[in-house]
Chemist: 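Sharing a structure, written as structure tokens. Questions coming.
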Amino acid sequence: MNLLKSLAPIKFGCRSTATCRACFSFFHSSADASVEVHSQEQEVVIALGSNVGDRLQNFDEALQAMKKSGVQITRHACLYETEPAYVTDQPQFLNSAVRGITKLGPHELLGVLKKIEKDMGRTDGIRYGPRLIDLDILFYGRFKVHSDILTVPHERIWERPFVMAPLMDLLGTDIDSDTVPYGHSFANHPGGLFESWKNLGGESLIGKDGMKRVLPIGNQLWDWSKRTSVMGILNLTPDSFSDGGNYPSVEAAVSQVRLMVAEGVDIIDFGAQSTRPMASRISPEEELDRLLPVLEAVRQMPEVEGKLLSVDTFYSQVASEAVDKGAHMVNDVSGGQLDPGMHNVVAALKVPYVAMHMRGDPSTMQNSGNLQYSDVCKEVASELYTRVRDAELSGIPSWRIIIDPGIGFSKKTEHNLDILTGLPTIRSEIAKISLAVSHVPMLIGPSRKRFLGEICAHSTAADRDPATVASVTTGILGGANIVRVHNVKDNLDAAKLCDAILLRRR
């Protein structure tokens with residue numbers, strides 16, 4: 001009998017050999033047959049790669065197949081587009097990784113992954129050559145596995161930035177908060193995975209040396225680190241705080257879109273439900289009646305070719321129908337809290353999802369109970385991560401998430417100022433739990449908000465544009481990647497200046 005060469009608990013593993021034997025008994029008789037008797041779930045890390053066909057669709061199909069085959073996905077890394085390694089004369093790869101839980105033994109899991117690859121159409125080819133889908137077991141619980149057909153941890157992790165980057169995303173910087181610090185005991189450096197990643201080059205590799213983080217949106221892979229994107233606001237409501245009632249007809253809305261496009265907008269955000277403080281909620285049907293005629297008309301405009309369209313809604317029905325009519329992303333001020341079906345719907349739509357921080361709903365968000373913070377940046381980070389975590393468990397991967405700290409939503413003036421100057425703190429607090437979520441694009445929306453009027457003594461919203469430019473500048477220099485504004489032209493100029501400053505810092 002050809003036994004596994006080793007299957008040993010390490011320092012973060014079971015407390016005793018007896019306990020481990022109770023958890024697992026492994027018998028391996030040949031390269032094609034194995035019996036693994038086990039009773040406990042194990043956490044696993046699986047790497048994904050593809051450079052043939054629709055690479056993102058290949059990932060989506062593989063993840064669905066894994067879920068159906070006994071692997072519950074719990075975390076997703078960011079998405080990376082990378083230059084090929086070893087065999088360089090081939091298309092660029094998409095790479096990522098997931099954490100999951102399974103009752104499958106390691107060889108059973110290997111068999112499942114190989115079957116998924118085969119069912120999807122992968123064929124034998126040259127080593128390190130093009131492949132439709134590549135699924136590798138990086139870690140299996142806290143165990144080392146050596147057999148004729150499987151080595152875990154994967155033997156070449158440590159030399160491959162395109163594997164290490166997504167692997168790091170699955171961890172948090174606060175090891176005590178991470179339920180599975182498995183890799184730190186396997187890493188080939190005394191400092192664990194973090195030191196191994198640092199020795200490879202770490203974050204300095206991202207955006208150069210053939211590796212960039214990307215977010216799939218529309219028909220493109222968006223590298224949001226290159227420059228700040230400007231999202232123009234199109235309110236189709238009679239009661240929004242700044243421009244409610246300004247676009248009562250489809251023609252008026254189309255004219256405003258044409259102006260924003262001429263001024264250089266990147267994303268147009270359609271809102272048909274007011275979320276100002278104390279706003280009354282309308283039904284999904286009424287929201288759709290306002291939204292769809294304008295969205296359909298804008299989709300027919302030649303000028304919007306190459307622009308991204310976003311729907312600002314907390315209703316899953318509105319999100320679904322808007323995407324069906326051509327919207328590229330969903331912007332949800334509630335982070336999924338006001339419609340329990342939102343996360344599942346967006347997961348099925350496979351579009352980017354903006355999860356914003358808010359307590360309560362627009363009619364209650366400024367109640368005294370929702371305005372209590374001991375440390376607003378830390379608490380916003382924690383609560384926002386909870387929203388993202390729920391979205392991820394519903395099937396929205398990190399590579400489709402955008403975060404928004406919710407300036408003006410359940411915040412006092414001082415809270416908004418602390419957030420504007422504390423965006424790096426919000427990212428670092430999230431990084432303690434999830435490096436992947438800390439890396440995703442961040443959107444801010446301070447435009448013409450009441451706190452700017454309070455500080456600058458402007459009761460009319462349109463008079464707050466200079467203050468908006470100042471707040472947008474502060475946010476971009478603090479790490480915001482998307483700014484949501486009413487005045488596209490002036491804020492685009494501010495974004496360009498900030499981008500130039502940031503480029504000089506690199």
Side-chain angles (χ1 to χ4, degrees), residues 43 72-78 98-101 169-181 215 275 312-316 319 329-347 352-362 364-367 369-411 415-416 418-419 422-445 479-480:
E43 189 156 24
Q72 178 188 347
I73 306 299
T74 58
R75 286 200 187 188
H76 305 74
C78 295
V98 295
R99 263 167 70 165
I101 296 172
D169 287 344
L170 299 175
L171 301 174
T173 58
D174 186 350
I175 300 304
D176 291 336
S177 73
D178 198 308
T179 57
V180 184
L215 182 144
T275 53
D312 178 2
T313 186
F314 49 74
Y315 285 135
S316 59
M329 58 190 286
V330 175
N331 182 10
D332 180 3
V333 298
S334 79
Q337 297 301 291
L338 299 183
D339 183 338
M342 178 63 92
H343 290 160
N344 286 331
V345 166
V346 174
Y353 178 65
V354 182
M356 195 194 79
H357 175 269
M358 176 177 64
R359 292 174 173 175
D361 60 30
T364 64
M365 65 183 179
Q366 297 303 115
N367 290 355
N370 288 327
L371 298 175
Q372 303 304 311
Y373 298 92
S374 58
D375 186 318
V376 67
C377 288
K378 287 185 177 181
E379 289 173 61
V380 164
S382 175
E383 293 169 22
L384 184 55
Y385 177 73
T386 299
R387 310 284 190 271
V388 173
R389 179 76 173 141
D390 290 344
E392 190 170 17
L393 290 173
S394 297
I396 305 175
S398 297
W399 64 70
R400 288 194 174 101
I401 292 287
I402 298 167
I403 57 174
D404 179 347
I407 293 171
F409 288 80
S410 55
K411 316 289 190 305
H415 299 145
N416 293 316
D418 287 346
I419 288 171
L423 299 183
T425 299
I426 292 174
R427 283 198 189 272
S428 64
E429 287 296 315
I430 291 174
K432 292 179 180 179
I433 312 169
S434 169
L435 281 166
V437 179
S438 77
H439 292 318
V440 305
M442 181 181 286
L443 182 153
I444 60 169

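Just so it is clear, the model here is predicted, and its values are computed rather than measured. For the numbers below, each heavy atom of this structure counts, side chains included, while hydrogens, waters and symmetry mates do not.
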Chemist: Taking C-beta and beyond as the side chain, do Ser334 and Asp361 meet within less than 4.5 Å on heavy atoms?
Modeler: no
Chemist: So, using salt bridge (Lys or Arg N to Asp or Glu O under 4.0 Å) as the criterion, who are the partners of Arg427 when residues are at least two apart?
Modeler: none
Chemist: Quick one, Gln366 and Leu371 - any side-chain contact, counting heavy atoms below 4.5 Å?
Modeler: yes
Chemist: Do side-chain atoms of Thr74 reach the backbone of Arg99 as a donor and acceptor pair under 3.5 angstrom?
Modeler: yes
Chemist: How far apart are the closest heavy atoms of Ala319 and Thr313, and which atoms are they?
Modeler: N-CG2, 3.9 Å
Chemist: Looking only at heavy atoms, what is the nearest atom pair of Trp399 and Leu215, with distance?
Modeler: O-CG, 3.4 Å
Chemist: I'd like to check the ring pair (Phe, Tyr, Trp, His ring centres under 6.0 Å) partners of His357; sequence neighbours left out, ordered by chain and number.
Modeler: none
Chemist: Please examine the side chains of Val380 and Lys411, heavy atoms only from C-beta on, and report whether any two atoms are closer than 4.5 Å.
Modeler: yes
Chemist: Not counting sequence neighbours, which residues clear side-chain hydrogen bond (donor to acceptor under 3.5 Å, both in side chains) with Ser428? List them please.
Modeler: none
Chemist: I'd like to know if the side chain of Asn416 and the backbone of Gly408 have a donor-acceptor N/O pair within less than 3.5 Å.
Modeler: yes
Chemist: Side-chain contact test, heavy atoms from C-beta onward, threshold under 4.5 Å: evaluate it for Met342 versus Val330 and give yes or no.
Modeler: yes
Chemist: What salt bridge (Lys or Arg N to Asp or Glu O under 4.0 Å) pairs are there with at least one residue in residues 389-403, not counting sequence neighbours?
Modeler: Asp60-Arg400
Chemist: Please find the pair of heavy atoms, one from Ala77 and one from Ala436, that lie closest to each other, and give the distance.
Modeler: CA-CB, 4.2 Å
Chemist: Among residues at least two apart in sequence or on other chains, which ones pass salt bridge (Lys or Arg N to Asp or Glu O under 4.0 Å) with Asp339?
Modeler: none
Chemist: Quick one: CD on Glu43 to CG on Leu170, what's the gap to the nearest 0.5 Å?
Modeler: 9.0 Å
Chemist: Apply side chain to side chain contact (heavy atoms under 4.5 Å, CB included) to Glu429 and Tyr385, showing your working.
Modeler: CA-CA 9 Å; Glu429 287 296 315; Tyr385 177 73; over 6 Å; no
Chemist: Is it true that a side-chain atom of Asn370 and a backbone atom of Thr364 form a donor plus acceptor pair closer than 3.5 Å?
Modeler: yes
Chemist: For Asp418 and Cys377, work out which heavy atoms get closest and say how close.
Modeler: O-SG, 3.5 Å
Chemist: Is a side-chain N or O of Arg387 found less than 3.5 angstrom from the main chain of Ala355, in a donor-acceptor match?
Modeler: no
Chemist: So, taking the atom named OG1 in Thr425 and the one named CD1 in Ile419, what distance separates them when rounded to the nearest 0.5 Å?
Modeler: 11.0 Å
Chemist: Give the intermediate values and the outcome of side chain to side chain contact (heavy atoms under 4.5 Å, CB included) for residues Phe409 and Asp404.
Modeler: CA-CA 11 Å; Phe409 288 80; Asp404 179 347; over 6 Å; no
Chemist: Could you tell me whether the side chain of Met358 reaches within less than 4.5 Å of the side chain of Leu338, counting heavy atoms only?
Modeler: yes
Chemist: Can you tell if the side chain of Arg75 reaches within under 4.5 Å of the side chain of Ser398, non-hydrogen atoms only?
Modeler: no
Chemist: Which residues pass the ring pair (Phe, Tyr, Trp, His ring centres under 6.0 Å) test with His439, sequence neighbours left out?
Modeler: none
Chemist: Got a second to check how far Ile396's CD1 is from Asn344's CG, nearest 0.5 Å?
Modeler: 8.0 Å
Chemist: Is it the case that the side chain of Ser434 and the backbone of Ile430 share a donor-acceptor pair, with hydrogens and angles ignored and the cut-off at 3.5 Å?
Modeler: no
Chemist: State, to 0.1 Å, how close Val333 and Asp312 come at their nearest heavy-atom pair, and which atoms those are.
Modeler: CG1-OD1, 3.9 Å
